[in-house]
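Remarks on the structure that follows.
A quick note: this is a predicted structure, and the numbers were derived from the prediction, not measured. Sequence lines set the chain letters: A, B, ... in the order given, protein chains first and strands last, and positions in each chain run from 1. Computed over heavy atoms, backbone and side chain alike; hydrogens, waters and symmetry mates excluded.
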There are 2 protein chains.
Amino acid sequence: MTLFWKKGYHATSLKDLEAALNMKPGSIYAAFSSKEGLFLEALARYYETSRGAFAAEMAKAGSPLEGVAQHLRSYADIPTDHPRAQACMLLKTLVDTRATEPAIAEKSREYLSGMRDAMTEVFERAIAAGELPEDTDPQRLARRLQACIMALRFELHQGTGEADLSALAEDMAQEFERLRKVST
Amino acid sequence: MTLFWKKGYHATSLKDLEAALNMKPGSIYAAFSSKEGLFLEALARYYETSRGAFAAEMAKAGSPLEGVAQHLRSYADIPTDHPRAQACMLLKTLVDTRATEPAIAEKSREYLSGMRDAMTEVFERAIAAGELPEDTDPQRLARRLQACIMALRFELHQGTGEADLSALAEDMAQEFERLRKVST
DNA sequence: TCGCGCATTGAGCAATCACTCAAAGACACC
DNA sequence: GGTGTCTTTGAGTGATTGCTCAATGCGCGA
């Protein structure tokens with residue numbers, strides 16, 4: 001997964017995979033049936049761990065909106081040489097495969113939508129808890145949050161310095177905090 | 001340029017390029033010396049026309065901040081089947097080549113920084129015109145604007161429907177309009 | 001110890017990759 | 001028409017691609 005994430009589907013060769021998995025081609029094909037099959041399993045693993053980690057982070061937070069703001073700010077703390085300091089694998093994959101590998105691209109879209117669902121739930125909880133007004137559209141906010149996360153991760157990918165990155169994360173976090181209903 | 005933009009550096013083969021340019025391999029190498037050379041020229045063209053178009057759009061707008069908001073909203077009007085209805089070529093390139101083609105990745109970063117400079121100028125004009133407070137940081141706003149544009153274009157890439165897209169663009173546009181200094 | 005079922009091996013497949021170069025063609029000037 | 005210069009041509013280069021399969025190794029019950 002790490003290798004595919006770093007190099008992308010097209011730029012990763014079977015030679016690379018043999019070395020990374022310490023398996024010979026025959027074994028790889030016995031287990032995954034094709035490069036595409038192996039990639040799809042790596043992508044599924046990425047999706048599941050990402051979604052799980054997001055849910056866990058939200059559960060730990062003091063409130064839904066606090067969790068969102070905290071999550072956005074957390075991207076500023078990732079060191080530039082960390083393996084997570086690059087674009088979201090779902091974004092990379094969709095960009096890499098949309099024109100050439102429709103099956104993989106479709107899965108990416110599906111997973112992106114799944115992540116958005118997890119975000120929608122957070123905003124629904126915020127509404128239920130009275131943190132956001134009743135007439136808030138949670139799906140719309142989820143898309144906005146996802147847009148922020150994609151952009152932040154792409155900044156990581158670019159290698160943007162910590163100061164600029166935390167300024168951007170701060171702006172985004174405040175954008176969501178400003179939505180908080182003034183307690184009545 | 002269109003072909004490279006659509007398929008990316010790795011997924012575009014010389015065969016594809018021969019067909020698109022209607023040139024035989026020999027002529028291509030006489031003119032561009034390598035696939036990388038040809039790609040870099042395509043990327044330079046993308047950068048120059050993008051930057052030019054952005055500057056022209058800003059010049060036409062009633063005020064700097066109006067221009068920014070209008071530009072963001074304009075992404076919602078791009079039809080899904082349009083060639084521009086995909087991620088920014090600079091983003092795609094950086095994502096595609098960071099791990100494998102350092103020279104190309106570096107050029108992408110340079111161009112992204114150049115685009116950000118153009119955006120910084122717009123916010124500087126907004127400050128000079130009294131549209132934004134004197135203590136505003138134009139570079140910080142530029143990075144925020146670029147983040148929004150990257151995210152919007154990636155939504156286009158995903159194939160997000162017009163309704164969701166214009167809702168997102170609207171949220172982003174208002175975010176910048178809200179910065180406007182209340183006239184004193 | 002033997003035989004059986006299953007996983008692993010890695011040389012090698014056809015296809016494709018980016019790229020080269022000797023030969024033919026195109027064009028301007030006299 | 002002839003000559004010199006520059007461009008275009010496309011078959012062919014070796015390397016690499018994703019992938020196959022007969023041969024071998026291994027673990028386990030009898």
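With A:Phe123 as the aromatic partner, A:Arg140 does not meet the cation-pi criteria of under 6.0 angstrom to the ring centre and within 45 degrees of the ring axis. Annotation: cation-pi geometry not satisfied between A:Lys92 and A:Phe4 (NZ/CZ under 6.0 angstrom from ring centroid, within 45° of ring axis).
When every heavy atom of A:Lys7 is checked against every heavy atom of A:Ala11, the shortest pair comes out as O-CB, 3.2 Å.
Distance A:Lys15 NZ to C:dC17 P: 17 Å, rounded to the nearest Å. Counting to the nearest Å, the P atom of D:dT17 and the CG atom of A:Leu38 are 15 Å from each other. Between the P atom of D:dT20 and the CD atom of A:Glu18 lies a distance of 14 Å, rounded to the nearest Å. Between the C1' atom of C:dG10 and the CG atom of A:Leu14 lies a distance of 13 Å, rounded to the nearest Å.
Residue contacts shown for B:Ser33 are absent, as no nucleic acid heavy atom lies under 4.0 Å away.
Distance from the side chain of B:Lys35 is smallest for C:dC19 among the nucleotides D:dG18, C:dC17, C:dC19.
At a non-hydrogen distance threshold of 4.0 Å, B:Lys24, B:Pro25, B:Gly26, B:Ser27 from residues 20-32 of chain B come into contact with DNA chain D.
Partner of A:Ser50 under the side chain to side chain contact (heavy atoms under 4.5 Å, CB included) criterion, chosen from A:Met89, A:Met115, A:Arg45: A:Met115.
Remark: A:Glu131 does not engage A:Arg125 in a salt bridge, criterion side-chain N to carboxylate O under 4.0 Å. Salt bridge B:Glu18/B:Lys15: absent, no basic N to carboxylate O contact under 4.0 Å.
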